[in-house]
Amino acid sequence: MSEIHYHVVEHDGGWAYRLGEVYSETFPTHDAAQAAAKRAAEAQGVPGETAAIEFEDADGRWRTELASGDDRPHADVED
């Protein structure tokens, strides 16, 4: 199982949560950003439907795979 970590950080005059290099919208308080990050982390664990996906790999080849709807990452929030 993969793991992802949301980080609560100061951003754009307020607070946001970040995953990798992507920031959420800005919240007025740390608590509000942390609560939103926790909701996002919980949503990561919700199973979806199994579906075929198509994508281009790093070598420029198109691939088709079956993505299992219950293959969800473990997500948490770090301050």
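A quick note: this is a predicted structure, and the numbers were derived from the prediction, not measured.
Remark: Glu54 CD to Glu65 CD distance equals 11.0 Å, nearest 0.5 Å. To the nearest 0.5 Å, the span separating NZ on Lys38 from CG on Asp76 amounts to 11.0 Å. Here NE2 of His7 is found 5.5 Å from CZ of Arg18. Values are rounded to the nearest 0.5 Å. Note that CD1 of Ile53 is 9.0 Å distant from OG1 of Thr64, once rounded to the nearest 0.5 Å.
No single ILVMFWY cluster, assembled from side-chain heavy atoms under 4.5 Å apart, contains both Val9 and Val77.
Remark: side-chain polar atoms of Asp57 are paired, donor with acceptor, to backbone N or O of Asp59 under 3.5 angstrom.
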Between His30 and Val8, does a side chain to side chain contact (heavy atoms under 4.5 Å, CB included) hold up when you go through it step by step?
CA-CA 7 Å; His30 177 277; Val8 177; 3.5 Å; yes
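For Gly69 against Thr50, the heavy-atom pair with the smallest separation is N-OG1, 3.1 Å. Taking every heavy atom of both residues into account, Ala16 and Phe27 meet most closely at CA-CD1, 4.4 Å. Considering all non-hydrogen atoms of both residues, Trp15 and Glu10 come closest at CH2-CG, 3.4 Å. Among all heavy-atom pairs drawn from Thr26 and Gly14, the shortest one is CG2-CA, 3.7 Å. When all heavy atoms of Ala75 and Ala41 are compared, the pair lying nearest together is CB-O, 3.6 Å.
For the pair Gln44 and Ile4, the minimum side-chain heavy-atom distance is below 4.5 Å.
Side-chain polar atoms of Asp31 and Thr29 form no donor-acceptor pair below 3.5 angstrom.
Within a 6.0 Å radius of CD in Glu3, other residues, nucleotides and ligands contribute more than 12 heavy atoms.
With sequence neighbours excluded, no residue satisfies salt bridge (charged side-chain N to carboxylate O under 4.0 Å, His left out) with Asp79.
In this pair, Tyr23 and His11 present their aromatic rings parallel. The plane angle is below 30°, not in the 30 to 60° band. Taking the six-membered ring for Trp and thresholds of 30 and 60 degrees, Tyr6 and Tyr17 have ring planes more than 60 degrees apart, a perpendicular arrangement.
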